[in-house]
Amino acid sequence: VEESKRRERVTSLLESRAKALGSRYLSLMATHASADPFGKVKKMIKDLIVKLMEQANREADHKAYCDTELATNKQTREIKQSEVEELTASIEKNTAESAQLAEEIKELSEAMAQ
């Protein structure tokens with residue numbers, strides 16, 4: 001703020017002297033003095049901040065998508081694992097029944113042979 005006030009005072013002094021003396025050189029100096037030498041840098045920094053904020057928003061959206069997909073996949077895995085456990089139990093039960101029936105058939109075959 002103080003710098004801009006000084007710049008304005010220098011500019012007005014140079015402009016008044018340029019008019020009084022009719023000097024194009026002083027008028028040109030006044031124009032250059034009024035320009036903000038860091039304006040371009042400030043704009044670049046602001047643009048960079050905007051770009052970084054947009055990138056952060058995109059990354060947050062992507063993370064939310066990934067979190068949703070991971071949760072869905074976890075739930076699907078748990079359901080499938082439960083189904084696998086049920087089917088494994090069913091296979092074990094049927095295998096035991098098959099073995100028991102095979103034993104009964106063997107015993108009945110032996111009984112019929114006698």
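Each residue takes its place number in the sequence, starting with 1.
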Subject >> salt bridge (Lys or Arg N to Asp or Glu O under 4.0 Å) contacts in which one or both residues fall within residues 45-60, not counting sequence neighbours >> reply: K43-D47
Original post:
Are the side chain of T76 and the backbone N or O of T72 linked by a donor-acceptor pair below 3.5 Å?
Top reply: yes
**OP:** Mark yes or no for whether S109, through its side chain, and I105, through its backbone, hold a donor-acceptor pair below 3.5 Å.
**Re:** yes
Distance check, rounded to the nearest 0.5 Å: [X] atom [atom1] versus [Y] atom [atom2]?
X	Y	atom1	atom2	answer
S90	E97	OG	CD	8.5 Å
L28	H32	CG	NE2	4.0 Å
Q55	L48	CD	CG	9.5 Å
I91	K93	CD1	NZ	13.0 Å

So if you build clusters from Ile, Leu, Val, Met, Phe, Trp, Tyr with side-chain heavy-atom gaps below 4.5 Å, do [X] and [Y] land together?
X	Y	result
L52	M44	no
V41	I49	yes
M29	L21	yes

Original post:
Any side-chain hydrogen bond (donor to acceptor under 3.5 Å, both in side chains) pairs touching residues 62-71, not counting sequence neighbours?
Top reply: K63-D67
Original post:
Which residue pairs satisfy the side-chain hydrogen bond (donor to acceptor under 3.5 Å, both in side chains) criterion with at least one member in residues 7-23, sequence neighbours excluded?
Top reply: E3-R7
Original post:
Stepwise, does the side-chain contact (heavy atoms from CB on, under 4.5 Å) test hold for E83 with K80?
Top reply: CA-CA 5 Å; E83 291 174 3; K80 296 298 180 185; 3.7 Å; yes
**OP:** Of all the heavy-atom pairs spanning A18 and S27, show the shortest one and how long it is.
**Re:** CB-N, 3.4 Å
